[in-house]
2 protein chains.
Amino acid sequence: MSLRHALLALLEAGAMTGYELAKWFDQSVAYVWNAQHSQIYTELRKLEREGLVEARTLPRGEKALATKRAYTLTRAGAKELQRWVGEVEQPPPLRDTAYVKATYLEYGSFSEARAQFRAHRAHYEALRDQFEAHVDELERGATALLRRRLERAPEEGHQAIIAYKVHAYRGLVARARTEIAWAERGLELVDRLADAAPAGDAAIRPPSGEAFEI
Amino acid sequence: MSLRHALLALLEAGAMTGYELAKWFDQSVAYVWNAQHSQIYTELRKLEREGLVEARTLPRGEKALATKRAYTLTRAGAKELQRWVGEVEQPPPLRDTAYVKATYLEYGSFSEARAQFRAHRAHYEALRDQFEAHVDELERGATALLRRRLERAPEEGHQAIIAYKVHAYRGLVARARTEIAWAERGLELVDRLADAAPAGDAAIRPPSGEAFEI
DNA sequence: GTGTGCATGTAACTTGTTACATGATTGT
DNA sequence: ACAATCATGTAACAAGTTACATGCACAC
């Protein structure tokens with residue numbers, strides 16, 4: 001349920017159409033919370049029904065044959081945003097495909113195990129680079145959304161606004177590094193197991209699927 | 001879609017009823033993939049319809065007024081398990097409530113920000129301890145499920161079976177430590193921001209929710 | 001005129017959550 | 001008798017994914 005609050009937070013930076021919102025979303029919170037634009041439109045309508053945002057229908061283009069809807073935070077929406085920031089949520093249970101597979105790698109061959117760890121490393125290397133680039137941008141105040149936020153906030157608050165975001169993305173960099181290191185130790189492990197194994201590429205014989213009694 | 005494969009992997013250790021499966025599940029894969037028992041029963045029926053598992057109805061107790069259903073892997077199920085282990089999946093997009101909130105902490109007070117980081121730290125400290133305990137158990141070969149697996153596997157494979165699991169849980173320990181360190185740096189950051197702030201507990205004025213033009 | 005971007009959605013489906021519902025068996 | 005544990009589900013809902021669908025505006 002972070003989507004609605006991410007949208008409220010984005011709207012605090014100023015009125016936007018769903019389309020603009022989706023664009024900003026992709027360039028900021030999408031790093032930590034993914035959503036399709038179709039879901040964003042749906043959620044905006046829901047927020048509107050609940051009175052957390054308000055929409056004004058505006059003309060599009062000169063001839064105005066079409067319209068767009070610009071959303072703003074209502075007072076109730078701003079209150080909800082604040083409530084959410086103060087609320088300590090209990091983190092959802094861990095759910096990670098890569099780790100469940102990692103615990104069952106013995107059902108595959110050594111080369112398959114290596115492929116898994118290499119893919120894991122490559123994935124988090126790419127993320128690390130993205131996060132690092134984003135930290136740089138934030139520190140230079142170079143992201144358009146951040147500038148928009150800063151314009152509306154009093155000078156004294158600027159440091160905190162930037163610092164919190166930088167801290168979050170640095171945390172993601174640290175996390176990515178941890179995953180890369182884990183994948184590398186995984187590759188070393190596979191090498192050791194392959195050396196110790198009698199012969200062939202398999203750690204154990206493949207699962208049989210034969211029936212047996214309990 | 002890891003639930004089905006986790007169930008297949010558990011069944012590779014021997015035939016089980018849904019109830020037993022749910023119990024083993026809670027003691028092993030639940031660390032990395034949560035599921036309610038109701039979902040497990042549903043998924044088992046689905047796997048049965050798809051021919052990946054087979055069920056035999058067995059009597060319960062002496063009078064046998066009730067029955068239970070014991071599931072076994074079919075050949076197709078074993079094949080699917082192997083296919084899955086070899087398959088390199090693309091990791092689902094990141095989704096972390098704590099981090100989206102962390103990027104918007106300026107909407108709350110410093111004490112709220114501290115509470116968030118303290119909760120984060122406490123959560124991952126507890127997880128770290130659980131994961132460490134689990135690594136210990138695995139290394140001592142002390143978990144019942146692992147023993148069941150080892151009984152059915154050839155001697156040469158034992159090392160790999162244990163090593164992969166230990167590696168996965170050590171990775172989770174490392175991850176938990178990274179989160180703890182991040183929370184601690186977060187607390188330091190809040191202290192610095194609070195020192196630098198003019199007065200009061202708030203980083204910026206609360207969001208107004210007043211309408212404005214675009 | 002044509003492609004790119006702006007703009008907004010619906011529908012069907014999958015996955016997962018929460019709550020409810022029931023009853024037998026076993027040990028004390 | 002009673003509690004704990006074994007045992008199996010259904011129903012309603014919420015959240016998220018994927019595919020589809022439409023059409024204007026603007027610049028080249």
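Values below: every heavy atom of this structure, side chains too, minus hydrogens, waters and symmetry copies. Residue numbering restarts at 1 for every chain, and letters A, B, ... go by the order of the sequence lines.
Here the side chain of N34(B) is nearest to one of dT17(C), dG16(C), dC24(D), namely dT17(C). Comparing dC24(D), dT15(C), dT8(C) by their closest approach to the side chain of A66(A) singles out dC24(D). The side chain of S38(B) lies closest to dT18(C), out of dT17(D), dC6(D), dT18(C).
Dashed line: the shortest gap from a side-chain N or O of R69(B) to OP1 or OP2 of dC6(D) is not under 4.0 Å. For K46(B), a side-chain nitrogen or oxygen approaches OP1 or OP2 of dT15(C) to under 4.0 Å. R60(A) has no side-chain polar atom (N or O) that falls below the 4.0 Å cut-off from OP1 or OP2 of dG5(C). Look at Y19(B) and you'll find a side-chain N or O under 4.0 angstrom from OP1 or OP2 of dC6(D).
Across the protein-nucleic acid pair, H37(B) atom NE2 and dA7(D) atom P stand 14 Å apart, rounded to whole Å. Here the P atom of nucleotide dA15(D) and the CD1 atom of I40(A) are 16 Å apart, to the nearest Å. Atom pair Q90(A):CD and dT17(C):C1' shows a separation of 13 Å (rounding to whole Å applied). In this structure, R45(A) atom CZ and dA14(D) atom P are separated by 20 Å, rounded to whole Å. Atom CG in L44(B) sits roughly 9 Å away from atom P in dT8(D) (whole-Å rounding). One can place CG of D26(B) at 12 Å from P of dC6(D), the figure rounded to the nearest angstrom. In this structure, OH of Y41(A) is placed 13 Å from C1' of dT22(D), rounded to the nearest angstrom. What separates CD of E43(A) from P of dT8(C) is a distance of 16 Å, to the nearest Å.
Remark: E80(B) engages R83(B) in a salt bridge, criterion side-chain N to carboxylate O under 4.0 Å. In summary, R128(A) and E179(A) do not engage in a salt bridge, as defined by a charged side-chain N under 4.0 Å from a carboxylate O.
The closest side-chain donor-acceptor pair between H167(A) and W182(B) falls under 3.5 angstrom.
Counting non-hydrogen atoms under 4.0 angstrom, R4(A) reaches nothing in the nucleic acid.
Residue whose closest nucleotide on DNA chain C sits further toward the 5' end, between A35(B) and G18(A): G18(A).
No donor-acceptor pair closer than 3.5 Å links the side chain of E139(A) to the backbone N or O of I162(A).
Applying the ring pair (Phe, Tyr, Trp, His ring centres under 6.0 Å) definition to pairs two or more places apart or across chains, none involves residues 35-57 of chain A.
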